Participant: 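Quick one: structure below, then a few questions.
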Amino acid sequence: MAKPTQFAIRLLRWHEGIDRDLPWKKNRNPYQIWLSEIIMQQTRVAQGTPYYLKFVSEYPTITDLADAPEDDIMKLWQGLGYYSRARNLHHAAKTVRDEFDGDFPTAYKDILSLKGVGKYTAAAIASFAYGLEYAVVDGNVIRVLSRYYGITDAVDQSSTLRFIQEKADLLIKGSDPSDYNQAIMDFGALQCTPKSPNCAICAFEDTCTAYQKELVSIIPTKAKKIKKRTRYLHYLILEDSAGRVIIHHRREKDIWQSLYDYHCIESLTDTQLGEEEIRKDVLDNFGLEVESIIYPTKAYKHILTHQTLYGQFYQIKVDQISNINSPYLNIDQGAIPKYAMPVLITNYLDDTKKDKLFS
DNA sequence: AATGCGGGGAC
DNA sequence: GTCCCAGCATT
């Protein structure tokens with residue numbers, strides 16, 4: 001058995017004084033660890049924790065999760081973002097139920113084969129749940145090791161990432177894998193932070209290359225820059241006199257896949273829709289006559305990583321709604337809370353509800 | 001190798 | 001405004 005590396009010894013000594021008290025670290029239940037890791041992908045602990053608690057309470061076992069309707073899972077995921085995680089979560093739960101007899105797989109390669117589980121998540125589960133020696137490489141580890149080794153190459157290049165992974169695989173050797181992985185991520189989150197890390201009091205003051213060369217502020221570097229596009233979404237809220245409304249299940253390859261919204265007309269500028277344009281659209285798409293239109297008085301700005309959205313909501317009364325085809329659905333207005341919707345939509349709905357309280 | 005996918009918090 | 005967060009699937 002190999003002895004821990006010098007890096008690991010210092011790291012774990014630093015970690016002795018740290019206690020983050022995360023709710024999914026109370027035991028080694030692989031289901032709970034997997035669930036927490038999926039939820040925490042690209043998500044801050046403070047944002048994801050309430051969702052973890054909801055899921056583990058609503059679905060105590062992975063079979064409970066597998067048996068649940070997708071709409072229920074999406075609703076519980078509403079507001080967390082990156083909704084493919086929720087779909088993959090459901091898919092993987094069904095795989096465990098059907099292919100692994102309901103028992104979470106214990107072999108690294110089987111864990112990695114699950115939908116939504118990549119190299120990082122597989123290593124996290126394997127080490128935290130089963131004590132297997134797989135080094136995690138997440139945003140924290142990339143930052144810590146790129147600084148430690150003074151790597152100025154862009155960390156969003158696969159060659160750089162491969163190099164970091166190799167170093168991580170060496171550094172973990174001989175240590176308790178669970179402790180080591182937890183420690184290095186805590187170190188990145190609490191000590192070696194993206195901005196103004198606490199280098200003055202650091203366990204690696206004398207061995208960190210970036211600190212020695214005064215490169216801490218410029219490492220890690222990235223090559224790619226994201227460019228945004230702007231979209232104008234005109235939502236038609238079609239409602240009949242019986243209180244039935246038409247909602248839309250987003251099945252296309254686009255943002256918010258699997259969520260529900262309203263019938264949408266998209267434009268490249270922020271100009272409002274004309275009355276005749278609306279009448280024709282509603283007649284062509286649903287065979288319905290428009291009785292009245294309340295035009296939007298404001299646009300809801302919503303910012304995503306790659307897009308800036310402006311949403312406007314047109315309240316439209318139509319004649320009797322019937323025979324609506326997929327991906328459209330007609331429901332009672334009061335049934336809306338059962339369907340997962342984008343935050344842009346729920347922001348609007350919250351505003352309208354508030355308006356009614358004061359009118 | 002490159003791209004798209006959310007929402008929010010820190011600065 | 002910018003950056004980035006317990007990343008992944010798809011092309």
Side-chain angles (χ1 to χ4, degrees), chain A residues 20 22-25 32-52 74 77-89 91-92 111-129 134-144 154-162 165 168 178 181-190 192-197 217-218 220-229 231 250 252-259 300-309 340-347:
Chain A
R20 285 235 268 171
L22 305 174
W24 51 92
K25 308 253 64 167
Q32 294 180 11
I33 291 169
W34 163 72
L35 176 61
S36 72
E37 291 299 341
I38 301 298
I39 287 174
M40 295 305 158
Q41 285 168 5
Q42 292 292 284
T43 302
R44 294 178 183 279
V45 168
Q47 188 188 3
T49 298
Y51 286 84
Y52 170 77
M74 300 312 298
W77 199 274
Q78 173 178 290
L80 192 55
Y82 282 163
Y83 297 93
S84 66
R85 289 182 294 167
R87 295 194 305 275
N88 291 336
L89 189 80
H91 185 282
I111 299 169
L112 184 60
S113 76
L114 296 173
K115 266 280 190 296
V117 175
K119 214 169 174 185
Y120 160 77
T121 304
I125 298 168
S127 62
F128 294 145
Y134 289 91
V136 294
V137 176
D138 70 337
N140 290 308
V141 176
I142 289 169
R143 185 171 57 255
V144 170
V155 297
D156 54 356
Q157 300 266 331
S158 56
S159 55
T160 311
L161 216 51
R162 267 200 305 279
Q165 179 76 53
S178 176
N181 279 336
Q182 188 58 52
I184 194 167
M185 287 196 288
D186 283 348
F187 186 77
L190 302 175
C192 195
T193 49
K195 285 166 194 164
S196 52
S217 62
I218 65 159
T221 65
K222 289 189 176 177
K224 303 169 191 149
K225 51 265 172 206
I226 62 164
K227 56 176 180 184
K228 288 197 171 189
R229 66 173 168 137
R231 301 169 70 175
R250 298 183 65 89
E252 63 274 27
K253 210 173 91 177
D254 194 3
I255 55 173
W256 302 328
Q257 194 177 118
S258 313
L259 270 59
Y300 287 77
K301 185 179 183 179
H302 193 72
I303 298 176
L304 307 180
T305 302
H306 295 272
Q307 303 182 18
T308 300
L309 308 174
M341 292 182 153
V343 168
L344 173 62
I345 306 285
T346 59
N347 281 344

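Hydrogens, waters and symmetry mates play no part in the numbers below; they use all other heavy atoms, side chains included. Predicted, not measured: the structure shown is a model, and the values here were computed from it. Convention: sequence-line order gives letters A, B, ...; per-chain numbering from 1.
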Participant: Output the rounded distance in Å from CD1 (Ile33(A)) to P (dA6(C)).
Facilitator: 17 Å
Participant: Look at the side chain of Gln47(A) and decide which nucleotide, out of dC3(C), dG8(B), dC8(C), has an atom nearest to it.
Facilitator: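 Comparing dC3(C), dG8(B), dC8(C) against the side chain of Gln47(A), the answer is dG8(B).
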Participant: Gln182(A) near the nucleic acid: base, sugar-phosphate alone, or nothing, with a heavy-atom cut-off under 4.0 Å?
Facilitator: base
Participant: Using a cut-off of 4.0 Å on non-hydrogen atoms, how would the nucleic acid contact of Asn181(A) be classed: base, sugar-phosphate, or nothing?
Facilitator: nothing
Participant: Assess, by modelled atom type and distance only, whether the side chains of Arg250(A) and Gln257(A) contain a donor and an acceptor separated by less than 3.5 Å.
Facilitator: no
Participant: Does Leu22(A) reach a base, just sugar-phosphate, or nothing at all? Heavy atoms under 4.0 Å.
Facilitator: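 Touches a base.
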Participant: Counting only heavy atoms not in Lys119(A), do more than 12 sit closer than 6.0 Å to its NZ atom?
Facilitator: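 It does not: Lys119(A) NZ has 12 such atoms or fewer within range.
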Participant: Give a yes/no answer on whether the side chain of His302(A) brings an N or O atom under 4.0 Å of OP1 or OP2 in dG7(B).
Facilitator: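 True: His302(A) side-chain N/O within range (under 4.0 Å) of dG7(B) OP1/OP2.
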Participant: Measuring from the side chain of Tyr82(A) (C-beta onward, heavy atoms only), which nucleotide among dG7(B), dA6(C), dG7(C) has the closest atom?
Facilitator: dG7(C)
Participant: When you get a sec, tell me which of dA6(C), dT11(C), dC5(B) is the closest nucleotide to the side chain of Lys253(A)?
Facilitator: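 It is dT11(C).
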Participant: Classify the nucleic acid contact of Thr121(A) as base, sugar-phosphate or nothing, counting any heavy atom under 4.0 Å across all strands shown.
Facilitator: sugar-phosphate
Participant: From CG of Leu190(A) over to C1' of dC4(C), roughly how many Å is that when rounded to an integer?
Facilitator: 16 Å
Participant: Measuring only the P atom in each nucleotide, how far is dA6(C) from dA10(B)? A whole number of Å is fine.
Facilitator: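 Taking atom P in both dA6(C) and dA10(B), they lie 12 Å apart.
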Participant: With a 3.5 Å cut-off and just heavy-atom distances, do the side chain of Arg44(A) and the base of dC4(C) make a donor-acceptor pair?
Facilitator: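 Such a pair exists between side chain and base.
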Participant: Considering just the side-chain nitrogens and oxygens of Tyr83(A), establish if one lies under 4.0 Å of OP1 or OP2 belonging to dG7(B).
Facilitator: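 Answer is yes, contact under 4.0 Å.
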Participant: May I have the distance from Asn140(A) (atom CG) to dG7(C) (atom P), rounded to whole angstrom?
Facilitator: 7 Å
Participant: Grab the NE2-C1' distance between His306(A) and dC3(C) for me, whole Å please.
Facilitator: 13 Å
Participant: Within the modelled atom types, does a donor on one side and an acceptor on the other bring the side chain of Thr305(A) and the base of dG6(B) under 3.5 Å apart?
Facilitator: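 Yes, the side chain and the base share a sub-3.5 Å donor-acceptor pair.
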Participant: Give a yes/no answer on whether the side chain of Arg143(A) brings an N or O atom under 4.0 Å of OP1 or OP2 in dC4(C).
Facilitator: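 Answer no for this pair, as no side-chain N or O of Arg143(A) is under 4.0 Å from OP1 or OP2.
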Participant: For Lys195(A) and dG9(B), give me the distance from atom NZ to atom C1', rounded to whole Å.
Facilitator: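 Atom NZ in Lys195(A) sits about 10 Å away from atom C1' in dG9(B).
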Participant: What I want to find out is whether Asp138(A) reaches Arg143(A) closely enough, with some N-O distance under 4.0 Å, to be called a salt bridge.
Facilitator: no
Participant: With nearest nucleotides of DNA chain B determined for Arg162(A) and Gln307(A) from heavy-atom distances, which residue corresponds to the more 5′ nucleotide?
Facilitator: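 Closest to the 5' end, via its nearest nucleotide, is Arg162(A).
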Participant: On DNA chain B, compare the nucleotides closest to Gln257(A) and Ala46(A); which residue's is nearer the 5' end?
Facilitator: Gln257(A)
Participant: Please tell me if Trp24(A) has a side-chain N or O lying less than 4.0 Å from either OP1 or OP2 of dA6(C).
Facilitator: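 Checking dA6(C) against Trp24(A), no side-chain N or O comes under 4.0 Å of OP1 or OP2.
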Participant: Checking only heavy atoms, does the side chain of Thr43(A) share a donor-acceptor pair with the base of dG7(B) at less than 3.5 Å?
Facilitator: no
Participant: Side chain of Pro342(A): nearest nucleotide among dC3(C), dG7(B), dG7(C)?
Facilitator: dG7(B)
Participant: Say we look at dG6(B) and dT10(C): how far apart would their P atoms be, to the nearest angstrom?
Facilitator: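 So the two P atoms sit 14 Å from each other.
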Participant: Under 4.0 Å from OP1 or OP2 of dG7(B): is there any side-chain N or O of Gln42(A) that close?
Facilitator: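 Indeed not, no polar side-chain atom of Gln42(A) lies that close.
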Participant: Do the ring centers of Tyr52(A) and Trp24(A) come within less than 6.0 Å of each other?
Facilitator: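 Yes: the rings meet the under 6.0 Å criterion.
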Participant: Knowing that exactly one of Thr305(A), Leu304(A), Ile303(A) qualifies, which makes a side-chain contact (heavy atoms from CB on, under 4.5 Å) with Lys228(A)?
Facilitator: Ile303(A)
Participant: Hydrogens and angles aside, do Glu37(A) and Tyr120(A) bring a side-chain donor and acceptor to less than 3.5 Å of each other?
Facilitator: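 A donor-acceptor contact under 3.5 Å links the two side chains.
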Participant: Rounded off to whole Å, could you give me the CG-to-C1' distance for the Leu89(A) and dC5(B) pair?
Facilitator: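 It works out to 16 Å between those atoms.
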Participant: At under 4.0 Å between heavy atoms, what does Val117(A) touch on the DNA or RNA strands: base, sugar-phosphate, or nothing?
Facilitator: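 Sugar-phosphate: the residue Val117(A), judged by heavy atoms under 4.0 Å, touches backbone atoms but no base.
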Participant: What's Ile38(A) touching, base or sugar-phosphate or nothing? Going by heavy atoms closer than 4.0 Å.
Facilitator: nothing
Participant: NA contact type, Lys115(A), heavy-atom cut-off 4.0 Å: base, sugar-phosphate, or nothing?
Facilitator: sugar-phosphate
Participant: Looking only at the side chain of Pro194(A) (C-beta and beyond, no hydrogens), which of the listed nucleotides dG6(B), dG7(C), dC5(C) gets closest?
Facilitator: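 The listed nucleotide nearest to Pro194(A)'s side chain is dC5(C).
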Participant: What's the closest nucleotide to the Gln157(A) side chain, out of dC5(B), dG1(C), dA2(B)?
Facilitator: dA2(B)
Participant: Leu309(A) has an atom CG; how far is it from atom C1' of dG7(B), in whole Å?
Facilitator: 12 Å
Participant: When we call it a touch if two heavy atoms are under 4.0 Å apart, what does Gly79(A) touch: a base, just sugar-phosphate, or nothing?
Facilitator: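 It contacts sugar-phosphate atoms only.
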Participant: Just how far, in rounded Å, is C1' of dC4(C) from CE of Met40(A)?
Facilitator: 16 Å
Participant: For a 4.5 angstrom cut-off between non-hydrogen side-chain atoms, does Tyr134(A) reach Ser127(A)?
Facilitator: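 The answer is no; the side chains never approach within 4.5 Å.
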